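Here is how names work: the chains are called A, B, and so on, in the same order as the sequence lines, proteins then strands, and each is numbered from 1. Just so we're clear, the structure is a prediction, and the values are computed from it rather than from any experiment.
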Amino acid sequence: MRFDALRRKVGQLEDVKDSQHNGNAKRADLKASAILMSNSIRTNTKKRTGHVPGVEIGDIFFFRMEMCLVGLHAQSMAGIDYLIVRGDREEEPLATSIVSSGYYDNAADDTDILIYSGHGGSSNKNKEASDQKLVRGNLALERSLQKGNEVRVIRGLKDANSPTTKIYVYDGLYTIQESWVEKAKTGCNIFKYKIVRMSGQPGAFSVWKSVAQWKESVSSRVGLILHDLTLAAETIPVALVNDVDGERGPTCFTYLASVRYSKSFKLSHQTSFGCNCRNACQSGDENCACMTKNGGQTPYIGNGVLVCRKPLVYECGPTCPCTANCKNRVSQTGLKVHLEVFKTKDRGWGLRSWDPIRAGTFICIYAGEATNKAISGEVGDSGDYVFDTTRVYDSFRWNCEHTNEEYDMPYPLVISAKNVGNVARFMNHSCEPNTFWQPVVYENNSETYLNVAFFAMRHIPPMTELTYDYGTPRAGHGRMRCLCGSTRCKGYFV
DNA sequence: GCGATATCAGGGTT
DNA sequence: CAACCCTGATATCG
């Protein structure tokens, strides 16, 4: 319960952060965190050793400030965080958490061992390098070694999708095994600490290592059935994996990366909204019809990150004259993250990602056959999901910034992925999902096309099953007993 | 064109 | 309150 409240709060903070990003600010992370800090929107402000409520092993962060806000690591820049405890005789520091930036590549093949360097004795630019001193964090690590208390370890890793930034992974609790002093390249003394992961914790950093290995050689993936079940229909292969039982694959279907529309489904009565931009469309450009439709601001920031949920997102279409690098075509650019379809323990086939996914990131559309009448058939995990977009608006209106935008949906859109579909047909239901669906329209030759696109609701660590809320059951529809396991589980779904 | 390096504006804790 | 610190975005160089 408490965990849940914390998670929602963190998710809420993310939204605020994102809308800050939407401004033209540099260091939006700092600005957003300053706003939140000054409004006391943060958790776990009291430092503690051991786990922090609301943060699970494997959770990922994209900024140091995010970890400050949830109380995982209170230092905005320093690698060692510690608290002062009153000992028998005197006050002494104890380490609470460390961030390993990976600058000192320890070539540690063993993901449970970390060789960590002390801080101080700065060797960069104007300062002369000097010996590190046994003070502050260094002393705290030394004391923690003596007392044998647990230290949280956060691994900083390079983000494969944007090489200039880093992703931080909470890798659980470690204890310090030994410390020594050695000569750095500068000739000065630096402290070194051997820090070992406590046993019995679920994998986090090790998962990343495994994924890296699979990317190098797909055949090293245990339980691999197909290298690419899309048969090159997508630009990124989607592996089919079963390391649970002997089933060799889901019921037969044809992979289709887009939506197949029946004639009646084009919303051709809508007024044309395509833009006349010559370059990439700019947020706030009053001359851009697509931006105006979106309320004047781009619905996306950065590399296709949705700022907030809306009743409808208006994207630039194939016939918009703006350049191909226009940021307003997110849902039309195909898969961006490396996905795999895998056999779950008790819910048939499911979908998960090898890559970490930042909150708001586009994952995939729901492909299939679009009709304007409900398709009969059983709902199950064999891919015959029925998808009614008229209810999207109701489901997500609560979180929309722009409530006065026109929204004109004449038919209930139903997409069937029973016979044809893409990866989305494998996504299972959860009452506490990590993705949500967002209606998106774009124009092509004066015809308006409606799509449903999935975006990450929060940061999603690698190999976490992707789920969405199928919605509340209606009369006349079959109910399925829900196995999502969430504490907020409604017990059943459509 | 890319990776490595420089520069710059920063924030929280002590 | 200034010093400390394994920041993060952008510009520049090789």
Side-chain angles (χ1 to χ4, degrees), chain A residues 13 17-18 20-48 61-86 91-106 108 114-141 151-171 174 184-186 190-193 195 205 301-303 305 325 358:
Chain A
L13 303 188
K17 276 179 107 77
D18 280 352
Q20 293 303 306
H21 273 286
N22 196 27
N24 51 2
K26 291 181 189 173
R27 295 309 304 267
D29 60 316
L30 296 184
K31 295 213 167 152
S33 70
I35 293 167
L36 297 174
M37 289 267 181
S38 62
N39 287 294
S40 300
I41 306 176
R42 56 189 299 189
T43 60
N44 302 313
T45 47
K46 189 172 180 187
K47 287 192 182 181
R48 70 185 78 202
F61 303 86
F62 289 79
F63 295 95
R64 292 287 297 258
M65 297 309 302
E66 286 182 295
M67 295 187 288
C68 291
L69 290 167
V70 299
L72 185 66
H73 186 82
Q75 300 287 344
S76 61
M77 294 174 115
I80 307 167
D81 195 17
Y82 56 96
L83 53 77
I84 307 290
V85 293
R86 298 192 192 285
E91 294 184 344
E92 59 179 11
L94 270 186
T96 57
S97 55
I98 58 172
V99 177
S100 165
S101 281
Y103 285 157
Y104 310 84
D105 197 21
N106 320 298
L114 174 66
I115 307 296
Y116 196 77
S117 305
H119 63 191
S122 64
S123 57
N124 42 345
K125 50 183 180 183
N126 38 22
K127 276 186 189 161
E128 199 72 19
S130 58
D131 287 348
Q132 289 185 346
K133 297 192 182 73
L134 194 59
V135 293
R136 299 163 179 271
N138 299 349
L139 182 59
L141 288 175
V151 177
R152 297 187 293 272
V153 167
I154 298 123
R155 304 267 192 166
L157 301 165
K158 280 206 171 73
D159 182 352
N161 294 327
S162 82
T164 54
T165 59
K166 239 180 261 159
I167 299 179
Y168 300 94
V169 182
Y170 177 43
D171 200 31
Y174 283 59
K185 276 177 282 186
T186 56
I190 55 170
F191 291 98
K192 289 278 186 179
Y193 301 90
I195 309 180
F205 180 51
I301 52 156
N303 289 333
V305 172
N325 64 352
R358 190 190 288 245

Given atom [atom1] of [X] and atom [atom2] of [N], what is their separation to the nearest angstrom?
X	N	atom1	atom2	result
Leu30(A)	dG12(B)	CG	P	8 Å
Phe63(A)	dG10(B)	CZ	C1'	14 Å
Leu157(A)	dC6(C)	CG	C1'	13 Å
Gln75(A)	dT13(B)	CD	P	7 Å
Ile154(A)	dC5(C)	CD1	C1'	15 Å
Asp159(A)	dG3(B)	CG	P	13 Å
Met77(A)	dA3(C)	CE	P	16 Å
His73(A)	dC6(C)	NE2	C1'	9 Å

Query raised in the report: With respect to Asp81(A), which candidate in Arg152(A), His73(A), Lys47(A) satisfies the side chain to side chain donor-acceptor pair (under 3.5 Å) definition?
Result: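 So the option named by the test is Lys47(A).
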
Requested in this report: Hey, which sits more toward the 5' end of DNA chain B by its nearest nucleotide, Ala74(A) or Lys158(A)?
Outcome: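 Looking at DNA chain B, the more 5' nearest nucleotide goes with Lys158(A).
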
Does some side-chain heavy atom of [Y] sit less than 4.5 Å from a side-chain heavy atom of [X]?
X	Y	result
Phe61(A)	Val70(A)	yes
Lys133(A)	Asn138(A)	no
Met37(A)	Leu69(A)	yes

Report task. Under 3.5 Å for both distances, Watson-Crick or G-U wobble, that's the pair rule; now give the dot-bracket for DNA chain B, with | marking pairs to another strand and [ ] for crossing ones. Result -> .||||||||.||||

Report task. Go through the steps to decide whether Arg358(A) and Ile167(A) satisfy the test side chain to side chain contact (heavy atoms under 4.5 Å, CB included), and finish with yes or no. Result -> CA-CA 10 Å; Arg358(A) 190 190 288 245; Ile167(A) 299 179; over 6 Å; no

**Report entry** Short side-chain to backbone donor-acceptor contact, Gln132(A) and Gly118(A), under 3.5 Å
**Finding:**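 A pair under 3.5 Å: yes.
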
Query raised in the report: Just by modelled atom types, is the Ser100(A) backbone N or O under 3.5 Å from a matching donor or acceptor in the Tyr168(A) side chain?
Result: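 Here the side-chain-to-backbone pair does not exist.
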
Query raised in the report: Hey, which of these two, Ala78(A) or Thr165(A), hits DNA chain C nearer its 5' end, going by closest nucleotide?
Result: Ala78(A)

Query raised in the report: Quick one: is dT14(B) close enough that its OP1 or OP2 comes under 4.0 Å of any side-chain N or O from Lys47(A)?
Result: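 Checking Lys47(A) against dT14(B): at least one side-chain N or O falls below 4.0 Å of OP1 or OP2.
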
Query raised in the report: Can a side chain N or O of Tyr168(A) be found less than 4.0 Å away from OP1 or OP2 on dG8(C)?
Result: yes

Query - Per Met37(A) side chain, nearest of listed nucleotides dG12(B), dC4(C), dC6(C) - result: dG12(B)

**Report entry** dC6(C) pyrimidine/purine six-ring stacking with Tyr116(A), under 5.5 Å and 30°
**Finding:**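 The base of dC6(C) is stacked with Tyr116(A) (centres under 5.5 Å, planes under 30°).
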
